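Notes follow the structure.
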There are 2 protein chains.
Amino acid sequence: MTIKNSNIEHFKDTLQREGLRLTSQRIAILEDILASEEHRECDDILFSLRSNQISVSRATVYRTLEILEKGGFVRKMNIGDGRFRYENKLPKPHHDHMICLECGRIIEFVDQEIEARQVHLTKQHHFKLVRHIHQLFGICEDCQPAAANKGV
Amino acid sequence: MTIKNSNIEHFKDTLQREGLRLTSQRIAILEDILASEEHRECDDILFSLRSNQISVSRATVYRTLEILEKGGFVRKMNIGDGRFRYENKLPKPHHDHMICLECGRIIEFVDQEIEARQVHLTKQHHFKLVRHIHQLFGICEDCQPAAANKGV
DNA sequence: ATTTATATTGAGACTGAGTCTCAATAAAGC
DNA sequence: GCTTTATTGAGACTCAGTCTCAATATAAAT
Ligand SMILES: [Mn+2]
Ligand SMILES: [Mn+2]
Ligand SMILES: [Zn+2]
Ligand SMILES: [Zn+2]
């Protein structure tokens with residue numbers, strides 16, 4: 001495999017710790033995710049696998065994504081379109097998302113001031129912060145002329 | 001009606017502008033929403049109406065909520081549990097939400113610094129900001145002892 | 001290498017929030 | 001009151017995601 005083999009080893013360890021088994025389907029799914037930088041839904045991954053002649057069932061993709069999420073390999077997110085999306089979490093530090101309402105493009109951002117204010121605000125309320133969602137919806141640079149023509 | 005009648009008038013105007021009709025069901029749904037401060041899902045509203053001997057169909061509640069959202073009477077939100085929630089938007093300025101993972105309690109907050117940073121960040125990317133979601137998930141003050149006992 | 005115990009898989013049934021259809025009903029304007 | 005047409009409710013439908021279960025594959029033991 002050209003994809004970093006250490007990730008597969010790490011996955012194997014994670015599985016073993018839970019009494020789970022390393023199967024060809026699980027490896028294929030993880031490799032497909034590691035090879036992508038995108039925020040993909042289940043079927044994107046499924047079709048990507050199939051286009052590489054790898055046949056896996058949709059149920060197995062969902063089941064594996066759940067394991068990968070728990071193991072910290074994958075981030076599961078929801079941009080409000082009724083489907084979950086998954087992104088390769090390994091190479092990336094925490095970030096949030098700007099989402100273009102026109103073309104679906106996703107721009108990643110982080111802001112330490114915002115992160116700090118979140119901590120501050122939750123402390124004020126004696127609230128123990130576990131995780132957060134911060135999504136900025138709007139029109140990306142490329143879509144602004146197009147959107148203006150439609151009157152957005 | 002004890003609920004502000006001006007709101008019903010305003011609703012009537014909104015409907016008329018779209019060629020829609022003011023029906024007893026629509027009035028009942030709006031009044032139920034105006035009487036609540038909570039972030040409720042469709043069935044909460046439906047059962048609340050039924051407990052007041054008002055029988056409306058689920059489809060009509062959904063249909064009315066859509067009109068109310070477009071008209072700015074109601075805010076539709078999603079806290080990631082697979083259902084939409086609706087809150088009375090009229091008396092409140094913009095705010096975001098802290099959500100307790102243990103009891104579901106919702107604490108509202110606003111922070112002008114965060115709001116300003118959002119504008120700044122989107123400008124940097126030449127992204128036209130339309131709306132945003134900012135949700136802080138964690139354990140509320142009341143649930144912290146209970147959560148500690150469970151090992152959270 | 002064979003055997004054994006059990007985790008995993010795929011096909012398709014199932015779930016549940018939300019939407020759609022359509023015949024019956026009700027609002028609004030005349 | 002009459003006419004036009006928007007609205008309603010019942011239930012069919014959609015679709016992402018979950019569950020079931022018999023067949024299969026893994027990994028450990030022998
Ligand atoms: Mn991302
Ligand atoms: Mn709120
Ligand atoms: Zn765009
Ligand atoms: Zn709580």
Side-chain angles (χ1 to χ4, degrees), chain A residues 8-9 11-33 39-50 53-71 74-86 104, chain B residues 8-9 11-33 39-50 53-71 74-86 104:
Chain A
I8 303 295
E9 286 307 310
F11 187 33
K12 194 174 179 176
D13 293 348
T14 305
L15 291 170
Q16 241 160 12
R17 215 172 301 124
E18 306 280 335
L20 304 175
R21 293 173 185 177
L22 186 67
T23 66
S24 64
Q25 290 89 337
R26 286 176 180 168
I27 293 172
I29 293 164
L30 175 55
E31 285 180 342
D32 196 278
I33 287 166
H39 303 80
R40 298 186 298 167
E41 55 195 68
C42 175
D43 275 17
D44 291 331
I45 296 164
L46 194 57
F47 297 155
S48 166
L49 288 165
R50 289 189 183 161
Q53 336 302 334
I54 297 166
S55 160
V56 202
S57 72
R58 185 174 282 116
T60 294
V61 176
Y62 277 117
R63 287 187 283 231
T64 303
L65 284 167
E66 196 184 334
I67 296 169
L68 290 171
E69 192 203 0
K70 282 187 190 151
V74 151
R75 177 170 173 191
K76 183 179 182 179
M77 58 180 282
N78 187 329
I79 60 170
D81 60 357
R83 270 156 286 160
F84 288 105
R85 289 164 184 273
Y86 303 85
Chain B
I8 304 295
E9 287 306 311
F11 187 34
K12 192 174 182 177
D13 292 347
T14 306
L15 291 170
Q16 241 160 11
R17 215 170 302 125
E18 306 281 333
L20 304 175
R21 293 174 185 176
L22 186 67
T23 66
S24 64
Q25 290 90 335
R26 286 177 178 166
I27 293 172
I29 293 164
L30 175 55
E31 284 180 344
D32 196 277
I33 286 166
H39 303 79
R40 298 186 297 167
E41 55 196 70
C42 174
D43 274 17
D44 292 331
I45 296 164
L46 194 58
F47 297 154
S48 167
L49 288 165
R50 288 189 183 162
Q53 334 304 333
I54 297 165
S55 161
V56 203
S57 73
R58 185 174 282 113
T60 295
V61 175
Y62 277 116
R63 287 188 281 231
T64 304
L65 284 168
E66 195 185 335
I67 296 170
L68 290 171
E69 193 204 0
K70 281 188 191 150
V74 151
R75 177 171 172 191
K76 182 178 184 179
M77 59 181 279
N78 186 330
I79 61 170
D81 61 356
R83 270 155 285 160
F84 287 105
R85 288 165 185 275
Y86 302 85

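These numbers were taken from a predicted model, which means no experiment stands behind them. To find a chain, count down the sequence lines: A is the first, B the second, and so on, and within it residues start at 1.
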Subject >> Check: B:Asp44 main-chain N/O paired with B:Ser48 side-chain donor or acceptor under 3.5 Å >> reply: no
**OP:** Report the nucleotide, chosen from C:dT9, D:dT8, C:dG12, that has the shortest atom-to-atom distance to any side-chain atom of A:Ala59.
**Re:** C:dG12
**OP:** Report yes if a side-chain nitrogen or oxygen of A:Thr60 is closer than 4.0 Å to either non-bridging phosphate oxygen (OP1 or OP2) of C:dG10; otherwise report no.
**Re:** yes
**OP:** Could you check whether A:Gln25 gets within reach of a base, just the sugar-phosphate, or nothing at all, counting any heavy atom under 4.0 Å?
**Re:** sugar-phosphate
Original post:
Is any side-chain N or O of B:Arg26 closer than 4.0 Å to OP1 or OP2 of D:dT8?
Top reply: yes
Original post:
Which whole-number value in Å describes the distance from B:Glu18 CD to D:dT7 C1'?
Top reply: 16 Å
Original post:
Is there a side-chain polar atom (N or O) of B:Arg63 under 4.0 Å from OP1 or OP2 of D:dG9?
Top reply: no
Original post:
Contact class for B:Glu66 vs. all strands (heavy atom < 4.0 Å): base, sugar-phosphate, or nothing?
Top reply: nothing
Original post:
Taking atom P of D:dA16 as reference, at what distance in whole Å does atom CG of B:Asp81 sit?
Top reply: 19 Å
Original post:
C:dT8 P sits how many Å from A:Ile27 CD1, rounded?
Top reply: 13 Å
Subject >> Nearest atoms (heavy-atom pairs only) where A:Ile29 meets A:Val61 >> reply: CD1-CA, 3.8 Å
**OP:** Quickly work out the A:Ile67 CD1 to C:dT9 C1' distance and round it to whole Å.
**Re:** 12 Å
**OP:** Describe the nucleic acid contact of B:Arg21 in one word from base, sugar-phosphate, nothing, applying a heavy-atom distance below 4.0 Å.
**Re:** base
Original post:
Between B:Tyr62 and C:dT19, does any side-chain N or O lie under 4.0 Å from OP1 or OP2?
Top reply: no
Original post:
Nearest-Å distance, CE (A:Met77) to P (D:dG17)?
Top reply: 13 Å
**OP:** Identify, between B:Lys76 and B:Leu22, the residue whose nearest nucleotide on DNA chain C lies closer to the 5' end.
**Re:** B:Lys76
Original post:
In terms of the nearest nucleotide of DNA chain C, which residue is placed more toward the 5' end: B:Arg85 or A:Ser24?
Top reply: A:Ser24
**OP:** Quick one: list whatever passes salt bridge (Lys or Arg N to Asp or Glu O under 4.0 Å) with B:Arg26, sequence neighbours left out.
**Re:** none
Subject >> Rounded distance (Å) that lies between atom C1' of D:dA25 and atom CG of A:Leu20 >> reply: 15 Å
Original post:
Counting just side-chain N and O atoms, does A:Thr23 come under 4.0 Å of either OP1 or OP2 of C:dT9?
Top reply: yes
Original post:
Rounded to the nearest 0.5 Å, how far apart are CZ of A:Phe84 and CG of A:Asn78?
Top reply: 5.0 Å
Original post:
Rounded to the nearest Å, what distance is computed from the CG atom of residue A:Leu46 to the P atom of nucleotide C:dG10?
Top reply: 10 Å
Original post:
Given atom CD of A:Glu41 and atom C1' of D:dC15, what is their separation to the nearest angstrom?
Top reply: 12 Å
Subject >> Side-chain heavy-atom pair A:Thr64, A:Thr23 within 4.5 angstrom cut-off >> reply: no
